[in-house]
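Both ligands and their constituent atoms are indexed starting at 1 by order of listing.
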Amino acid sequence: MAARHADTLRDLLAAVDPSHDAPFLLDADGHVLLTYAGAARRSAQWAHALAAHGARPGERVAMQVAKSVEALMVYLACVRAGYVLLPMNTGYTAGEVAHLVGDAEPVVVLDDASLATIGAEADALPTELDVHPAGPDDLAAILYTSGTTGRPKGAMLSQRNLASNSATLAELWGFTTGDVLLHALPIFHTHGLFVATNCTVANGSSMVFLDRFDADEVLRALPRCSVMMGVPTFYTRLLAHPGFDAVACASVRLFVSGSAPLLASVHHEFRERTGHAILERYGMTETSMLTSNPLHGERRPGTVGPPLPGVDVRVVDEHGVEVATGEVGGVEVRGPNVFRGYWRRPELNDTEFTADGWFRTGDVGRFDAEGYLHLVGRSKDLVISGGLNVYPVEVEAVIDELPGVLESAVIGVPDPDFGEAVVAVVVAAPGAVVDPVDVRQAARRQLAPFKVPKHVHVVEALPRNAMGKVEKAALRTRFANETGETGETGETGGRR
Ligand code: AMP
């Protein structure tokens, strides 16, 4: 059932077929929630129900709902009928939803209540669907993304964008029909919706479909699973669970991490505990996946691997000229996976794409001699202190190595002297005490003076969004006017 090099999602997801009785979704105990034939019937009913509410090919269907099997059926209905899905983060406020709805003008907006009512209407509708299939350049989805600042913009993703990327990943990561994927990610984001779900369906594999990540439930489900995809937080939470060991992972062939940087220390600890080297990959909403550590071959901790087959990745200086191997610069990408632009924001085509068609990711990184990409931060998180560039990751790596440090985030805050001052926000390991003075001393020993944090703040936890990304903008606001070396209470020293 291998779907390779598909041009449309309908081709890629051909396993969703009324005659295909294999299991599609399982619960944590392995009970079948839905077969592929069941998914074909239910998504057909949903396609009809949405049509009854005005949906037509090319029209937007927006959805802000809790993760559920029904929500996944809405996705499949849109794929099959050619409606453009607009999934919304469950954390969006009413004001943010209003902005998105005003911008995208969907014909249907589903919330939990209307999902239930229209779902009930769908029960009486035909389980067969006969439609004119969407073409490769038709839009399949609009995903709003803002990075950490600015109003969300809608990334327009075509059928080909999504299908080509999922086919590449399914092949690269060795998916087969027998695979069972552990799915604990949200389905409003590219990771859970497209990477995890499409890789599964592309081969008619199954997935254990969990509402959310709960370490106990994941441990219960894991013995039935062969692949797990997660954000770094999933892996740190598993490592914090006393029951998590090599035996718990005996049936798993592959752990994949992405959406935020996986600390090298977590990679090593995971390997020691389970024998598994987590495969880290890199991508973004606008482009789907871009690079991946290999399935066979060396997985380098702290790197996101070489570019995917068919995807071009280059690192350029401020003039757009490609830099030499090993040098740091802006990451630009090109390929069939790269989105078609931002919805109703044509002016951004000139700033976000180069004249020769490369998309500026906003990430900063470098290639090593073996062609593995190392990310050093987002360009907007770059700290420029006294005119010199400080890459947060380099300083964070030094701090994270210190005894008693769990993790850190390095930011720039306005400084009258230097333009920006380097500030480190540090979280101590459980039971440990971190003295900010020690952090600065250690940094001074290992880093050039301009990279040494001027201020160190010890906090209980770093603010993270739903995908596990550290919200540096929030840290910049919080620590903009705080000087000195403080603990959470603002007092001197590392008191916690
Ligand atoms: P999103 O559009 O929400 O998927 O966010 C995309 C951004 O997440 C990228 O531009 C990167 O900054 C970051 N990102 C994704 N995967 C990784 C990774 N493996 N390591 C570091 N950053 C990552």
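With sequence neighbours excluded, the residues forming a ring pair (Phe, Tyr, Trp, His ring centres under 6.0 Å) with Phe234 are Phe213, listed by chain and number.
Using a 4.0 Å cut-off between charged side-chain N and carboxylate O, Asp137 and Arg340 make no salt bridge.
Between Glu286 and Phe359 the shortest side-chain heavy-atom distance falls below 4.5 Å.
Among residues at least two apart or in separate chains, there is no side chain to side chain donor-acceptor pair (under 3.5 Å) pair with a member in residues 228-238. The side chain to side chain donor-acceptor pair (under 3.5 Å) pairs that include a residue from residues 313-338 are Asp312-Arg334, Arg314-Glu332, where partners are two or more places apart or lie in different chains.
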Enumerate the pairs of nitrogen or oxygen atoms, one from ligand 1 and one from the protein, separated by less than 3.5 angstrom; state names and distance to 0.1 Å.
from: ligand 1; atom 1: 2 (O); to: Thr285; atom 2: N; distance (Å): 2.9
from: ligand 1; atom 1: 2 (O); to: Thr285; atom 2: OG1; distance (Å): 2.6
from: ligand 1; atom 1: 3 (O); to: His189; atom 2: NE2; distance (Å): 3.0
from: ligand 1; atom 1: 3 (O); to: Lys469; atom 2: NZ; distance (Å): 3.3
from: ligand 1; atom 1: 4 (O); to: His189; atom 2: NE2; distance (Å): 3.2
from: ligand 1; atom 1: 5 (O); to: Lys469; atom 2: NZ; distance (Å): 2.9
from: ligand 1; atom 1: 8 (O); to: Lys469; atom 2: NZ; distance (Å): 3.1
from: ligand 1; atom 1: 10 (O); to: Asp363; atom 2: OD1; distance (Å): 3.3
from: ligand 1; atom 1: 10 (O); to: Asp363; atom 2: OD2; distance (Å): 2.6
from: ligand 1; atom 1: 10 (O); to: Arg378; atom 2: NH1; distance (Å): 2.9
from: ligand 1; atom 1: 12 (O); to: Asp363; atom 2: OD1; distance (Å): 2.6
from: ligand 1; atom 1: 16 (N); to: Ser259; atom 2: N; distance (Å): 3.2
from: ligand 1; atom 1: 19 (N); to: Glu280; atom 2: OE2; distance (Å): 2.9
from: ligand 1; atom 1: 19 (N); to: Arg281; atom 2: O; distance (Å): 2.7
from: ligand 1; atom 1: 20 (N); to: Glu280; atom 2: OE2; distance (Å): 3.4

Let's go through Phe270 and Phe244 carefully: what are the C-alpha distance in whole Å and the side-chain angles of both, what is the deciding distance for ring-ring contact (aromatic ring centres under 6.0 Å, His included) to 0.1 Å, and is it a yes or a no?
CA-CA 10 Å; Phe270 200 91; Phe244 184 65; 5.4 Å; yes
